[in-house]
S.K.: 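After the structure tokens below, expect a handful of questions from me.
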Amino acid sequence: MAIIETEATLHEAHRDNHTHRDVNGGWLRPAVFGAMDGLVSNLALMTGVAGGAVSHQAIVLSGLAGLAAGAFSMAAGEYTSVASQRELVEAELDVERRELRKHPKDEEAELAALYESRGVEPGLAREVARQLSRDPEQALEIHAREELGIDPGDLPSPAVAAVSSFGSFALGALLPVLPYLLGASSLWPAVLVALLGLFLCGAVVAKVTARSWWYSGLRQLALGGAAAGVTYALGSLFGTAVG
């Protein structure tokens with residue numbers, strides 16, 4: 001008879017009392033999206049304006065206006081989006097809370113049937129459901145996770161999403177403007193700083209998502225460079241036509 005090896009090598013992340021990073025919080029997505037959006041959109045805006053052969057002051061003004069308008073727009077959009085999502089979830093939780101109060105036995109049977117469908121022996125499934133249903137708040141949390149796929153105690157915060165979006169967008173959008181504020185008189189220093197920022201942002205995101213840092217960095221660099229190139233060409237075309 002073959003002997004089964006019982007001490008297989010464990011993955012490093014699952015040795016001892018391993019922990020996982022927070023993947024449900026309300027800050028990571030808007031912060032990353034805001035920084036990337038700030039860099040790409042303001043770089044594209046400034047290159048588009050520069051393509052029209054306008055003055056140095058007009059390019060700087062467009063960059064600062066793009067920073068302010070984009071940061072406030074991102075913050076307002078994220079706040080509204082996350083607040084609406086949270087209100088929808090809370091409405092669904094109220095429905096589940098009423099069902100637990102009005103039809104506790106039906107909800108208990110529903111939970112037991114769910115465990116049975118996952119392979120738990122029927123008698124044990126009913127007993128587990130009975131014990132878990134004794135505490136109304138615990139029962140609500142379990143039903144929310146099983147039926148809605150959410151954790152009632154870990155809903156994203158609209159304020160956190162808005163502040164993260166505002167700050168990250170403003171920081172990203174500042175990079176293309178910074179060389180001008182420090183005395184640069186041509187577009188190329190702003191482009192180089194922005195492209196370097198895009199690469200670094202992509203590399204940092206890769207550290208969070210466990211992707212290859214160079215692939216993520218080059219991807220962001222290529223996308224931002226393409227956007228800047230297209231808007232510069234359009235700015236040159238429109239500037240010539242208007243002129």
Side-chain angles (χ1 to χ4, degrees), residues 20-50 59-89 150-151 154-182 187 189-232 234-235:
H20 292 286
R21 291 167 293 188
D22 177 18
V23 297
N24 293 319
W27 65 272
L28 179 59
R29 183 186 65 84
V32 171
F33 179 69
M36 296 297 184
D37 192 24
L39 266 167
V40 175
S41 64
N42 222 29
L43 174 62
L45 173 64
M46 292 174 64
T47 53
V49 172
I59 297 173
V60 175
L61 181 60
S62 68
L64 293 175
L67 186 158
F72 281 108
S73 176
M74 283 288 294
E78 280 295 331
Y79 185 91
T80 303
S81 174
V82 175
S84 299
Q85 178 188 6
R86 187 182 179 107
E87 289 163 2
L88 174 61
V89 169
I150 59 173
D151 183 352
D154 192 28
L155 299 181
S157 166
V160 169
V163 171
S164 299
S165 295
F166 184 93
S168 59
F169 186 99
L171 182 61
L174 178 63
L175 287 181
V177 188
L178 195 57
Y180 281 104
L181 298 179
L182 295 178
L187 179 65
V191 172
L192 292 176
V193 169
L195 292 179
L196 178 61
L198 281 169
F199 181 84
L200 292 177
C201 280
V204 169
V205 170
K207 292 296 183 181
V208 177
T209 60
R211 274 189 161 278
S212 171
W213 65 270
W214 59 266
Y215 172 80
S216 183
L218 288 176
R219 179 177 61 183
Q220 295 302 328
L221 177 64
L223 293 172
V230 170
T231 54
Y232 185 85
L234 291 174

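No experiment lies behind these values; they were computed from the predicted model shown.
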S.K.: So how far is it from W213 CH2 to L218 CG, rounded to the nearest 0.5 Å?
M.R.: 8.0 Å
S.K.: If every non-hydrogen atom of A173 is compared with every non-hydrogen atom of N42, which pair is closest and at what distance?
M.R.: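 Nearest pair, atom of A173 first, then N42: O-ND2, 2.8 Å.
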S.K.: Take L43 and L195 through the side-chain contact (heavy atoms from CB on, under 4.5 Å) test and state the conclusion after the steps.
M.R.: CA-CA 9 Å; L43 174 62; L195 292 179; 4.2 Å; yes
S.K.: Taking T231 for the side chain and T47 for the main chain, is one N or O donor matched with an acceptor at less than 3.5 Å?
M.R.: no
S.K.: According to side-chain hydrogen bond (donor to acceptor under 3.5 Å, both in side chains), who are the partners of W214, at least two apart in sequence or on a separate chain?
M.R.: S212
S.K.: If you apply the rule side-chain contact (heavy atoms from CB on, under 4.5 Å), what do you find for V193 with L178, and how did you get there?
M.R.: CA-CA 8 Å; V193 169; L178 195 57; 5.5 Å; no
S.K.: If you round to the nearest 0.5 Å, how far is CG of L196 from SG of C201?
M.R.: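 Answer rounded to 0.5 Å: 9.5 Å.
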S.K.: What's the separation between atom CD1 in I150 and atom CZ in R86, rounded to the nearest 0.5 Å?
M.R.: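 Answer rounded to 0.5 Å: 10.5 Å.
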S.K.: How far apart are the closest heavy atoms of A190 and P179, and which atoms are they?
M.R.: CA-CG, 3.6 Å
S.K.: Got a second to check how far L223's CG is from L198's CG, nearest 0.5 Å?
M.R.: 8.5 Å
S.K.: Closer than 3.5 angstrom, by distance alone: can the side chain of S165 be matched with the main-chain N or O of A75 as a donor-acceptor pair?
M.R.: no
S.K.: Rounded to the nearest 0.5 Å, what separation is found between the CG atom of L192 and the CG atom of L187?
M.R.: 9.0 Å
S.K.: As an exercise, state the distance from CG of L39 to CG of L200, rounded to the nearest 0.5 Å.
M.R.: 9.5 Å
S.K.: Suppose we screen for side chain to side chain contact (heavy atoms under 4.5 Å, CB included). Which residues come up paired with L234, at least two apart in sequence or across chains?
M.R.: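 Applying side chain to side chain contact (heavy atoms under 4.5 Å, CB included) to L234 gives V230, F238.
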S.K.: Could you walk me through whether S73 and F169 pass the side-chain contact (heavy atoms from CB on, under 4.5 Å) test, one step at a time?
M.R.: CA-CA 10 Å; S73 176; F169 186 99; over 6 Å; no
S.K.: Got a sec: does the OH of Y79 have more than 12 other heavy atoms crowding it under 6.0 Å?
M.R.: no
S.K.: On a heavy-atom basis, which atom in A44 and which in A227 lie closest, and how many Å separate them?
M.R.: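 Heavy atoms of A44 and A227 come nearest at CB-O, 4.1 Å.
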S.K.: Identify the heavy atoms of Q85 and P156 that sit nearest to each other, and give their distance.
M.R.: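 Heavy atoms of Q85 and P156 come nearest at OE1-CG, 4.4 Å.
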S.K.: Between M46 and S62, which heavy-atom pair has the shortest distance, and what is it?
M.R.: CG-OG, 4.2 Å
